[in-house]
Each structure stands twice: as structure tokens, then as C-alpha cells.
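If you're wondering where the values come from, they're calculated on a predicted model, not measured in any experiment.
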Amino acid sequence: MTMEMILALGILVLMIVLIMEDKMPFGAPPLLACLLLVVSGLSTVQQAFAGFVNPSVVMIAGFMVVMAALQKTRLISNVKSAMVSLVNKGSYRSYGLLLVIVMLGASLAGTGATGYYVLILSLVSTIPYSKKLPTSKLMMPLGFATNHPLLPINLALLFGVTATVLETAGFHQEISMGRFALVNLIMSAAFLAWSLIAYRFLPDHPIADASEDALAGTGFTAMVGDAVAGVLGSGVSPFVFIVAFALLTSTCATFTGSNMGSVYIFTPIAIAACTSLGLNPTAAAIAVVISGWNGGYMPIDGMPAMILGMGKYKLPEFWVFSVPMYLIRILALCAGAVFIFPM
């Protein structure tokens, strides 16, 4: 491990500690971390602050403006009224029904649809506090639910990326779209089950007032990928092999904010390792690709960051829900991939 890697990791740890301390305004720790990357010479100003000016951030800002306008319309007003009605009923059944409704909506919007999760988070943030069903018990489950279609009918992005990386690696076997969708459905079902269990652990408090990353540039990501591929060796079981790469890919996507970049770094490694071991790489490719959009246990980028800020959670509260959710989803995803696409 080089000195650059050590410094980058040190800055990352400092940022996490500052977020946990909750003594600085939301958003200040990431800004400080970016500044330290520049001061230490680990990156240029453009690299360090790229996350604040990239197209995704501009797009989210645009959606926020659009959502503010849409909330004045009759349609959104009716949707919000229906959600408020369920919240006012205040039952566990209402909580479960809200989860199912949002996950059904995700079936039409598609996995990772920015406009959809911004819409749901915006609606939840404006619902008045109710002791019967506090909005702090809704922000995390409903926010993450936007990434889990209950009816896997709009998975073109994930299916396309999986097919592309397999073909690039020289593996041309046709993948069944139906079986691919079933893998994703197993993960969504696991998420729903955890969310229903986690209800009792979520905090009770009001939440509303009345493409390129600097860490990856140090070579840390590639170093970890090579190390994991070597440590696993030829004696590891296919399931453990896939879980290791899914955890690695989703973690790197979480900390770098680059879902596609992490997928394209680690999926080829997983495919090549499977091929050299005489294993069918389809299950590994599917699990690793889908895992790239299913990290989220650190509120560093996109939806998780919005959930933490808009829900006014402390980091430990966020972790109580998100860490088990993350592990349950990954294990379900990998088990489903191995079962449906035997290696």
C-alpha cells in the first residue's frame, strides 16, 4: 500500500468520523474531505470536487426544482394525500402497504431512477409528523424501496450491462431475461422482508421543520480487486466467490459514487477468474452487475446522502437499518444468481 493510498484512506476515515459525530452541518464533512485531498496533493481541484459538478448532481438539482413545481399540482397533491392518510392511520399494515406501493412504482420507473427516488423522498419529507407512524420510520425504507421493483419488468439497464460485460469477456451464451428478472426479484423480496422486520428498530423523530472519483485515482480500487482475486484461490465455493466480488463491487460503488465504473472494474475480473476455474461466469456477472447499484450503507452519494440529510438521521441510526439491509440484499442476490444460473 502506497503513501497516497494511506492518506486517501485516512481522509476517508476522518470524513466518516465527522459524519458520525454529527457536530458539523450536513454536507460539511465531504467538503472538508475534498479540500484535504487537494491540500495533500492527492488530487486536483477538478478531481476532488467533480462530484459537485458532474451531470448526475446537476440532474438531481434539476429534478428537485421540478419536484417542487409538481408538488403544487393536483396529481401529486392526491398522491401525497393518500400517503398522509396511510400515515395518519398509523398501523404497521399502513407501513407495509406504503412499502409495497413504492416498490410497485419502482417496477415502472426502473432500478435507480433518479426522478422517482427524488419524488418519493420529497413527498415523505413534507408529510407532517405523526406519532402513529413517524416519517423517520418511512424515509429510509421508502427511499431504498425506490431501488427495488416488486415486479421486475423494467431491468433493461442492468440486463444490458450484464450482457455487455459477458460478451466483452468472450462469453456469448444467451441469458434468459425472465431468469435474470427472477434473480432481481429474490433480492427485492429479501429487502421487503428486512424492511418489515426493521420497523421496530427505526427511530422516532420529526424530519421536517414546522463519474470519476479521487479515491479510485490512487489505485486503491484496483489493488483490492487483485488482492481479493488472489486470496480466494481455486478452492473457494462458487457462492462465496460471488459474494466476495459482490461485496467488493458494491462497497467500491458506495465509497466512490461510481456505480458503472465499479461494475466495469470488477465484473471482468470475476468473469476471468470463473473462466480460469472452468466455471460458468453468468451467475457471477449478474450478481456483480446488480450489486453495483445495491450498496448504499454509507450516505456518501446520491440517494443514501439525501435519505440521511432529509430524514435527519444520525449515522448510527442510518446504519441500524442500512447495514443489515445491505448484507441481506447481497446474500439474497448471490444465492438467487447461483440457484437460477448454476456454475
| message | Would you compute the distance between atom OG1 of T267 and atom CG of L166 and round it to the nearest 0.5 angstrom? | response | 8.5 Å
| query | Can you find a heavy atom in the side chain of P299 that is under 4.5 Å from one in the side chain of L315? | reply | yes
| Could you give the distance from CG (N280) to CZ (F341), rounded to the nearest 0.5 Å? | 9.5 Å
| task | For the residue pair I175 and I286, establish whether any side-chain heavy-atom pair is separated by less than 4.5 Å. | result | yes
| message | If we check side chain to side chain contact (heavy atoms under 4.5 Å, CB included) with F266, which of these qualifies: I271, T249, V165? | response | T249
| Donor + acceptor pair across side chains of S91, S94 (<3.5 Å) | yes
| task | Please test N294 against L333 for side chain to side chain contact (heavy atoms under 4.5 Å, CB included), starting from the C-alpha separation and ending with a verdict. | result | CA-CA 10 Å; N294 286 281; L333 168 65; 5.5 Å; no
| field | Atom OH of Y92 with >12 non-hydrogen neighbours under 6.0 angstrom | value | yes
| Tell me, do V124 and I120 make a side-chain contact under 4.5 Å, heavy atoms counted? | yes
| message | With heavy-atom distances below 4.5 Å as the criterion, would you say the side chains of V288 and I269 are in contact? | response | no
| Taking side chain as C-beta onward, heavy atoms only, is I290 less than 4.5 Å from F180? | yes
| said: Within the structure provided, determine whether Y95 and L133 are in side-chain contact (heavy-atom separation under 4.5 Å). | reply: yes
| Can you check side chain to side chain contact (heavy atoms under 4.5 Å, CB included) on L121 and T146, steps first, answer last? | CA-CA 9 Å; L121 293 180; T146 62; over 6 Å; no
Side chains of residues 185-202: which donor-acceptor pairs under 3.5 Å do they make with residues two or more places apart or in other chains?
residue	atom	partner	partner atom	Å
S188	OG	P149	O	3.1
S188	OG	N184	O	3.3
W194	NE1	F321	O	3.0
S195	OG	F191	O	3.0

| What residues form a ring-ring contact (aromatic ring centres under 6.0 Å, His included) with Y297, not counting sequence neighbours? | Y326
| task | Please report the C-alpha distance between I101 and L86 in whole Å, then the side-chain angles of each, then the deciding distance to 0.1 Å, and finally whether the side chain to side chain contact (heavy atoms under 4.5 Å, CB included) criterion is met. | result | CA-CA 11 Å; I101 290 173; L86 287 172; 4.2 Å; yes
| Are S291 and I330 close enough that some pair of their side-chain heavy atoms sits under 4.5 Å apart? | yes
| task | Kindly indicate, with the supporting measurements, whether the criterion side chain to side chain contact (heavy atoms under 4.5 Å, CB included) is fulfilled by Y129 and D204. | result | CA-CA 10 Å; Y129 173 80; D204 177 354; 2.6 Å; yes
| request: Please round to the nearest 0.5 Å and tell me the distance separating atom OG of S125 and atom CG of L138. | output: 12.0 Å
| remark: Interatomic distance, CZ@F255 vs OG@S250, rounded to 0.5 Å, equals 10.5 Å
| query | Could you state the interatomic distance from NE2 (H148) to CG (L104), rounded to the nearest 0.5 Å? | reply | 14.0 Å
